[in-house]
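What follows is one structure encoded as structure tokens, with my remarks underneath.
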Amino acid sequence: MYMSTDEVRNAFLKFFESKGHQIVDSSSLVPHNDPTLLFTNAGMNQFKDCFLGAEKRAYTRATTAQRCVRAGGKHNDLENVGFTARHHTFFEMLGNFSFGDYFKQDAIAYAWEFLTETLKLPKDRLLVTVYETDDEAFEIWNKQVGVPADRIVRIGDKKGGKQYESDNFWTMGDTGPCGPCTEIFYDHGEHIWGGRPGTPEEDGDRFIEIWNNVFMQFNRHADGTMEPLPKPAVDTGMGIERISAIMQGVHSNYEIDVFQKLIKAAAQTIGYQDLSNQSLRVIADHIRSCAFLIVDGVMPSNEGRGYVLRRIIRRAVRHGNKLGAQGVFFHKLVGVLADVMGSAGEELKKQQAVVEKVLRIEEENFGRTLERGMAILNEALDNLEGKVLDGETVFKLYDTYGFPADLTNDVAREREFSIDEQGFEEAMEAQRQRAREAGQFGTDYNATIKTQTHSDFCGYLATQGSSTVTEMFVDGEVAESLSAGDKAIVILDETPFYAESGGQCGDTGVLKTQSGVFKVEDTQKLGNAIAHYGVLAEGVLAKDDKVETLVDAKRRAAISLNHSATHLLHAALRQVLGEHVTQKGSLVKPENLRFDFSHLEAVTPAELKQVERLVNAQIRRNHIIETQIMDIESAKQKGAMALFGEKYDDEVRVLSMGDFSTELCGGIHASNTGDIGLFKITSEGGIAAGIRRIEAVTGEAALDTIEMQQAKYEEKLAESANKAKALEKEIQKLKDKMAAAESANIMGKAQEINGIKVLIAEMEGADSKNLRTMVDDIKNQLGSGVVMLANVNDGKIGLIAGVTKDLVGKVKAGDLVKMVAEQVGGKGGGRPDMAQAGGSDITALPQAIKTVQPWLEERL
């Protein structure tokens with residue numbers, strides 16, 4: 001019976017839903033609050049706290065189709081991907097889970113029913129394994145399910161290993177929950193080489209594990225003691241790629257529908273014909289992990305998760321180049337991937353443009369890096385003593401520049417050199433060891449803080465109350481009482497203190513008793529408990545004490561304003577920039593808010609202004625901020641935005657601000673949008689390819705910001721005004737100098753009329769304001785004489801006359817100017833020694849100037 005991968009996924013989830021399991025969305029590939037994991041690498045990761053007893057949910061049965069990545073840390077399949085039938089960087093793990101509900105009997109029965117009745121796999125093709133001493137599981141398979149004893153394989157501890165070191169005994173780490181497991185194998189047939197599990201030929205491809213049922217029934221202590229768990233749990237996993245291969249009648253995972261479509265698309269994009277080439281498998285696998293890592297907020301970088309992503313991208317691009325790819329190609333496969341993932345690709349479709357841009361930029365950057373790497377390789381070969389390139393250099397080229405050893409070897413061979421393959425492998429193994437160590441649980445599970453308290457939060461409408469101390473911890477150890485100066489964690493049965501969550505920082509304040517004061521410096525979640533971190537400022541505090549809980553109300557109010565403004569900002573960005581905008585992170589503090597979002601380019605000043613105005617408009621509308629508790633599906637139907645990859649309970653808190661914003665949120669908010677008062681953006685910038693960050697302030701902080709900005713503007717305005725005055729003075733000085741220089745230049749035009757020195761000149765483009773200065777300078781140079789100057793500037797005529805005082809009895813400057821002005825359509829006059837006038841008839845000016853000499857001859 002043929003089934004597509006999407007059909008297999010949906011059949012699995014619906015089957016277990018029919019068995020009372022809650023369908024839980026896949027969690028993010030970036031594990032929440034789990035520093036021990038580089039990436040989500042198993043279906044049980046998001047339920048780990050449930051298995052440890054630190055978290056309780058509304059359901060005790062769950063089923064998922066979990067996105068997983070194994071490309072770093074303890075589980076690193078990167079080097080095998082593309083060269084085996086079943087290794088992947090990205091895969092989906094189908095799983096069903098029981099948290100203290102059913103155990104071995106039901107888990108085994110469900111697995112068998114799904115495989116043989118829903119999928120209709122032939123029973124004689126299935127084989128199972130159990131832990132060597134797990135007689136209970138053996139009996140269930142044999143007596144109740146009916147699997148023949150000769151098709152049940154007992155797997156013991158590995159030779160030379162410790163007790164419980166077995167492929168059929170699962171452990172979370174050296175300590176903590178653990179237990180036996182039973183695996184189901186599919187027999188692909190005698191025509192394929194390989195033997196049963198537990199035989200020397202078990203690494204062959206005939207018998208393939210398709211499902212693992214883990215039975216967590218012990219808690220292992222550091223001394224090796226196996227303590228039975230009070231509520232045994234079930235954790236199962238089945239790789240969707242492996243079961244899809246069986247349902248589609250193929251042997252290799254790369255032959256299933258999802259990979260075949262990606263391989264064909266990659267070949268077409270690159271322009272390569274041979275679909276069996278292993279490099280196409282690598283590209284098809286890697287586009288899945290790269291795209292979904294970016295969707296979950298991982299960006300290429302030089303450290304941590306971002307470095308692993310960068311390595312996967314470069315490995316894919318390298319294989320494309322190996323097939324002759326010209327220019328960038330990898331990002332072009334994102335749209336195909338979104339389609340072939342079916343129901344699991346909806347979020348990728350929403351963020352397709354962002355993912356494509358990030359991949360394209362990284363691919364372009366790698367092209368330049370490749371050139372630098374080639375330069376380094378050629379330089380190393382040029383300076384090589386001997387004929388063998390050392391393993392450390394080969395590894396550096398691989399690790400830093402993405403050169404695989406075979407590419408380095410090819411270049412070296414072309415130049416008649418070889419590489420130290422053993423040295424390279426030693427460096428690679430050292431890196432793998434560091435990765436394995438970094439990916440392991442580094443603490444004793446039984447030494448970590450474990451609390452059974454379930455704290456009730458009562459702080460949505462209150463900032464104070466009364467409560468009882470249920471537990472206290474000092475340096476990780478249980479404490480019965482505290483003395484002044486003790487730093488501790490205090491847990492209460494109920495509290496108005498908000499624990500850091502969803503980007504909102506934890507509350508601060510004090511816990512008071514009649515005999516002591518505990519200063520709360522931070523509030524965090526600890527399983528189902530709310531933990532108050534701080535120091536006992538005075539007195540004593542003991543378990544079971546009654547305390548008065550006092551949250552710093554002013555700080556809380558500032559936080560709530562910023563949190564509500566964050567929701568308005570999110571909605572405004574989607575309206576202004578587009579529906580592709582998705583939250584990628586937030587931080588809400590009393591001082592300000594920070595919001596990270598997906599967007600392909602810088603937000604323009606005009607867009608920022610529009611966003612800011614839109615938010616402030618909603619503040620002025622003074623919407624009532626309403627909250628409703630409803631199931632997740634009803635919330636989605638209401639239009640509430642849910643963050644992709646976030647973990648939500650069955651019942652969620654829906655926060656609405658009029659018809660403008662509806663989101664899922666468990667945080668603290670204002671009562672009305674009007675309480676926010678004012679919203680002001682303080683910065684916007686890029687933090688990664690396709691990811692932008694806005695910082696903003698509200699309320700009093702927004703007013704303070706505007707006042708500070710206004711003060712800076714006024715200061716700059718005053719500075720500008722002073723600079724302008726200084727420049728004007730400087731310009732005037734320069735003009736005066738230019739006028740003096742010009743007056744000296746035209747002195748050559750002076751003539752004598754009846755023994756009197758006279759200067760008559762028409763200036764070209766001179767500044768009319770400087771003519772007076774020029775006339776004074778010329779009069780001084782003449783000593784005794786008459787000056788008549790004309791100037792045309794900006795379509796207007798300027799006239800000025802000057803007469804030295806010894807001659808004003810014969811010639812008056814005002815009469816001279818008036819005579820000329822009347823001829824050019826103007827009028828004017830002035831003192832006998834200095835007079836100015838204007839005119840408009842420029843064409844008449846030359847003839848008017850010619851009349852000056854005869855006029856003076858009559859009077860001198």
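All values below were derived from every heavy atom in this structure, side-chain atoms included, with hydrogens, water molecules and symmetry-related copies excluded. Predicted, not measured: the structure shown is a model, and the values here were computed from it.
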Task: Pair Asp339-Lys349, side-chain contact (heavy atoms from CB on, under 4.5 Å): steps then yes or no - done: CA-CA 8 Å; Asp339 289 335; Lys349 288 181 180 178; 3.7 Å; yes
Task: Candidate pair Ile694 and Leu608, rule side-chain contact (heavy atoms from CB on, under 4.5 Å), full reasoning - done: CA-CA 10 Å; Ile694 282 180; Leu608 280 178; 3.9 Å; yes
Tell me whether [X] contacts the main-chain N or O of [Y] through its side chain, where contact means a donor paired with an acceptor under 3.5 Å.
X	Y	value
Arg305	Phe39	no
Arg653	Gly667	yes
Asn616	Phe679	yes
Asp296	Leu29	yes
Gln248	Asp257	yes
Gln66	Ser27	yes
Thr705	Ala701	yes
Ser598	Thr582	yes
Arg360	His331	no
Thr89	Arg70	no

Taking atom types as modelled and ignoring hydrogens, do the side chains of [X] and [Y] form a donor-acceptor contact shorter than 3.5 angstrom?
X	Y	result
Ser560	His669	no
Thr40	Gln46	no
Gln351	Lys584	yes
Asp6	Ser4	no
Glu241	Ser244	no
Gln618	Thr673	no

A side-chain contact here means heavy atoms from C-beta on lying under 4.5 Å apart; do [X] and [Y] qualify?
X	Y	value
Leu664	Val654	yes
Thr408	Phe424	no
Phe329	Ile283	yes
Arg288	Leu262	yes
Val588	Cys505	no
Val355	Phe292	no
Thr63	Val24	no
Asn562	Lys589	no

So, taking the atom named [atom1] in [X] and the one named [atom2] in [Y], what distance separates them when rounded to the nearest 0.5 Å?
X	Y	atom1	atom2	result
Tyr307	Leu38	OH	CG	12.0 Å
Gln504	Ile559	CD	CD1	6.0 Å
Leu569	Ser564	CG	OG	12.5 Å
Leu94	Arg242	CG	CZ	12.5 Å
Glu607	Gln610	CD	CD	7.5 Å
Ser586	Arg693	OG	CZ	10.5 Å

Under 6.0 Å from the [atom1] atom of [X], do we count more than 12 heavy atoms belonging to anything else shown?
X	atom1	answer
Glu695	CD	yes
Lys264	NZ	no
Gln273	CD	no

What is the minimum heavy-atom distance between [X] and [Y], and which atoms define it?
X	Y	value
Ala571	Ser661	CB-CB, 4.1 Å
Phe395	Met428	CE1-SD, 3.6 Å
Ala65	Ser26	O-CB, 3.3 Å
Ile287	Leu337	O-CD2, 3.5 Å
Cys290	Leu359	CB-CD2, 4.0 Å
Leu655	Cys665	CB-CB, 4.5 Å

TODO: Output yes when Arg9 and Glu92 qualify as a salt bridge under the 4.0 Å nitrogen-oxygen rule, no when they do not.
DONE: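 Salt bridge flag = yes for Glu92 with Arg9.
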Task: Salt bridge present between Lys525 and Glu500 (N-O < 4.0 angstrom) - done: no
- [ ] Would you check, one step at a time, whether the test ring pair (Phe, Tyr, Trp, His ring centres under 6.0 Å) holds for Phe595 with His567?
- [x] CA-CA 10 Å; Phe595 188 75; His567 284 233; 9.1 Å; no
Task: Check against side-chain contact (heavy atoms from CB on, under 4.5 Å), Val328 and Glu364 - done: CA-CA 7 Å; Val328 294; Glu364 291 171 344; 3.7 Å; yes
- [ ] Can you label the angle between the His88 ring and the Tyr254 ring as parallel, tilted or perpendicular, going by 30° and 60°?
- [x] tilted
TODO: Would you please test Ile263 and Gln260 for side-chain contact (heavy atoms from CB on, under 4.5 Å) and show each step?
DONE: CA-CA 5 Å; Ile263 287 171; Gln260 283 299 296; 4.1 Å; yes
Open item on the list: Before we go on, tell me: are the rings of Phe597 and His570 under 6.0 Å apart, centre to centre?
Closed with: no
